[in-house]
Amino acid sequence: MIQFARDLLKKYGFKNHVIAIGDKERQRPVFYNPKSTFIEVKFKKLEYAANNFGINVEEYLTILVAREMGIIIDEGTNNRYLQKERIIELVTKGKGSPELIENLKEMTLYEQRKGNENGLVFVPMNLHEKYKEIVEKYLFLEVSRIEGTARSIKINLDIELLKERVR
């Protein structure tokens, strides 16, 4: 499967490496890591998700790699990645704000939508409808994940504010 993903990238002139990662890392079965420029694949999750979508693993991998190629070709990806890392660092250190969290959410959603749009050009015509179905579901899941994270961060910020008032 790794070779299949590598061949897909090579077909379109991409030189990114493809690596297998453990199932405990990252949420999505296929992920472009701007820091390493690798495409990371979690094969157990890939097979499980392909079954859930009623599609074979190679077609599913084609769709997800195409989507990640869509993110790679977006010129703003690396800059957004650095901005998002900085926001996450601030929030983790307790220096976050609802505005920063909203900014993180907006950047992530923009990136996901842009990747979805750009990625379609790398998908064979016979998989276009399935691609649209899958990326819309992933967008919904990403929004849910971000909103859950935002709620957790807001609760932590509220707790910190209450602790400061008590002191």
Side-chain angles (χ1 to χ4, degrees), residues 1-92 101 103-124 127-128 130-150 152-153:
M1 276 292 139
I2 283 184
Q3 191 57 49
F4 181 80
R6 287 179 181 146
D7 291 344
L8 282 172
L9 289 165
K10 189 176 179 181
K11 176 180 176 181
Y12 293 102
F14 289 83
K15 294 184 167 89
N16 303 78
H17 293 285
V18 179
I19 61 169
I21 63 170
D23 283 336
K24 296 195 188 290
E25 300 171 51
R26 307 228 187 266
Q27 300 265 358
R28 302 189 321 239
V30 177
F31 176 79
Y32 169 64
N33 184 334
K35 194 171 193 172
S36 67
T37 70
F38 292 173
I39 303 263
E40 301 171 350
V41 182
K42 297 188 319 189
F43 288 102
K44 285 184 182 177
K45 283 195 176 190
L46 184 76
E47 292 170 1
Y48 177 79
N51 281 337
N52 283 343
F53 281 110
I55 189 171
N56 75 50
V57 176
E58 284 187 354
E59 289 176 334
Y60 190 60
L61 185 56
T62 299
I63 287 169
L64 296 184
V65 169
R67 187 186 166 288
E68 298 308 309
M69 287 189 287
I71 290 173
I72 293 169
I73 65 171
D74 177 16
E75 293 176 5
T77 294
N78 289 337
N79 188 37
R80 272 191 310 279
Y81 179 79
L82 294 172
Q83 289 176 358
K84 288 172 18 180
E85 261 194 349
R86 180 70 180 132
I87 291 171
I88 290 167
E89 181 183 324
L90 288 170
V91 168
T92 303
I101 295 165
N103 194 2
L104 176 65
K105 180 179 168 183
E106 287 174 19
M107 282 191 289
T108 302
L109 291 177
Y110 174 83
E111 180 177 84
Q112 298 300 312
R113 287 186 180 114
K114 194 74 168 165
N116 292 352
E117 289 171 27
N118 293 344
L120 187 60
V121 300
F122 303 112
V123 177
L127 293 177
H128 274 206
K130 201 59 147 169
Y131 176 86
K132 291 174 186 173
E133 173 192 341
I134 290 170
V135 298
E136 280 303 310
K137 191 161 281 193
Y138 272 97
L139 183 61
F140 172 77
L141 291 172
E142 192 68 15
V143 169
S144 299
R145 185 186 68 76
I146 292 167
E147 288 174 347
T149 301
S152 296
I153 291 168

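- Closest approach of Tyr131 to Gly115, counting heavy atoms only: OH-O, 3.5 Å.
- Pairs engaging residues 30-39 under the salt bridge (charged side-chain N to carboxylate O under 4.0 Å, His left out) rule: Lys35-Glu85 [sequence neighbours left out].
- For the atom pair Ile39 CD1 and Asn33 CG, the distance stands at 9.5 Å (nearest 0.5 Å).
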Worked check of side-chain contact (heavy atoms from CB on, under 4.5 Å) between Asn103 and Ile87: CA-CA 9 Å; Asn103 194 2; Ile87 291 171; 4.1 Å; yes
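- Within the 4.5 Å cutoff, no side-chain heavy atoms of Val41 are placed close to those of Ile21.
- For the salt bridge (Lys or Arg N to Asp or Glu O under 4.0 Å) test, no residue two or more places apart in sequence or in another chain qualifies with Lys11.
- By the side-chain hydrogen bond (donor to acceptor under 3.5 Å, both in side chains) test, Tyr138 is found to be paired with Tyr60, residues two or more places apart in sequence or in another chain being considered.
- Listed by chain and residue number, Glu58, Glu59 satisfy the side-chain contact (heavy atoms from CB on, under 4.5 Å) test with Asn56 (two or more places apart in sequence, or in another chain).
- With values rounded to the nearest 0.5 angstrom, Leu46 atom CG is found 5.5 Å from Leu61 atom CG.
- Put simply, OG1 on Thr37 and OH on Tyr32 are 5.5 Å apart, with the number rounded to the nearest 0.5 Å.
- A side-chain contact (heavy atoms from CB on, under 4.5 Å) with Arg6 is found for one member of Leu9, Ile2, Leu8 and no other, namely Ile2.
- The side-chain hydrogen bond (donor to acceptor under 3.5 Å, both in side chains) search around Asn116 returns Arg67, not counting sequence neighbours.
- Legend: residues meeting ring pair (Phe, Tyr, Trp, His ring centres under 6.0 Å) with His17, ordered by chain and number and at least two apart, are Phe38.
- Here the shortest heavy-atom pairing between Lys130 and Ile55 reads CG-CD1, 3.5 Å.
- By the side-chain hydrogen bond (donor to acceptor under 3.5 Å, both in side chains) test, Asp74 is found to be paired with Arg80, residues two or more places apart in sequence or in another chain being considered.
- Although no hydrogens or angles enter the test, the distance criterion places no donor-acceptor pair under 3.5 Å between the side chain of Thr77 and the main chain of Ile72.
- In terms of modelled atom types and a separation under 3.5 Å, the side chain of Glu40 and the main chain of Phe31 share no donor-acceptor contact.
- Atom-to-atom distance recorded for Lys42:NZ and Ile19:CD1 is 12.0 Å, nearest 0.5 angstrom.
- Residues Ile73 and Met69 fail the side-chain proximity criterion, which asks for heavy atoms closer than 4.5 Å.
- Contact detail for Phe43 and Met1: the closest heavy-atom pair is CE2-CB, 3.1 Å.
- Put simply, the side chain of Ile134 reaches to within 4.5 Å of the side chain of Leu64, judged on heavy atoms.
- When the salt bridge (Lys or Arg N to Asp or Glu O under 4.0 Å) test is applied to Lys114, no partner is found at least two apart in sequence or on another chain.
- For Lys132, the salt bridge (Lys or Arg N to Asp or Glu O under 4.0 Å) test picks out Glu129, with sequence neighbours left out.
- The side-chain hydrogen bond (donor to acceptor under 3.5 Å, both in side chains) check on Gln3 picks up Asp7, with sequence neighbours excluded.
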Please report the C-alpha distance between Leu82 and Arg86 in whole Å, then the side-chain angles of each, then the deciding distance to 0.1 Å, and finally whether the side-chain contact (heavy atoms from CB on, under 4.5 Å) criterion is met. CA-CA 6 Å; Leu82 294 172; Arg86 180 70 180 132; over 6 Å; no
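- Partners of Tyr12 by ring pair (Phe, Tyr, Trp, His ring centres under 6.0 Å), not counting sequence neighbours, listed by chain and number: Phe122.
- For the atom pair OG1 (Thr62) and CG (Leu127), the distance works out to 6.5 Å, reported to the nearest 0.5 Å.
- Lys84 pairs by the salt bridge (Lys or Arg N to Asp or Glu O under 4.0 Å) definition with Glu111, not counting sequence neighbours.
- Residue-environment remark: OH (Tyr48) stays at or below the threshold of 12 foreign heavy atoms within 6.0 Å.
- Rounded to the nearest 0.5 Å, atoms NZ (Lys105) and CG (Leu109) are 6.5 Å apart.
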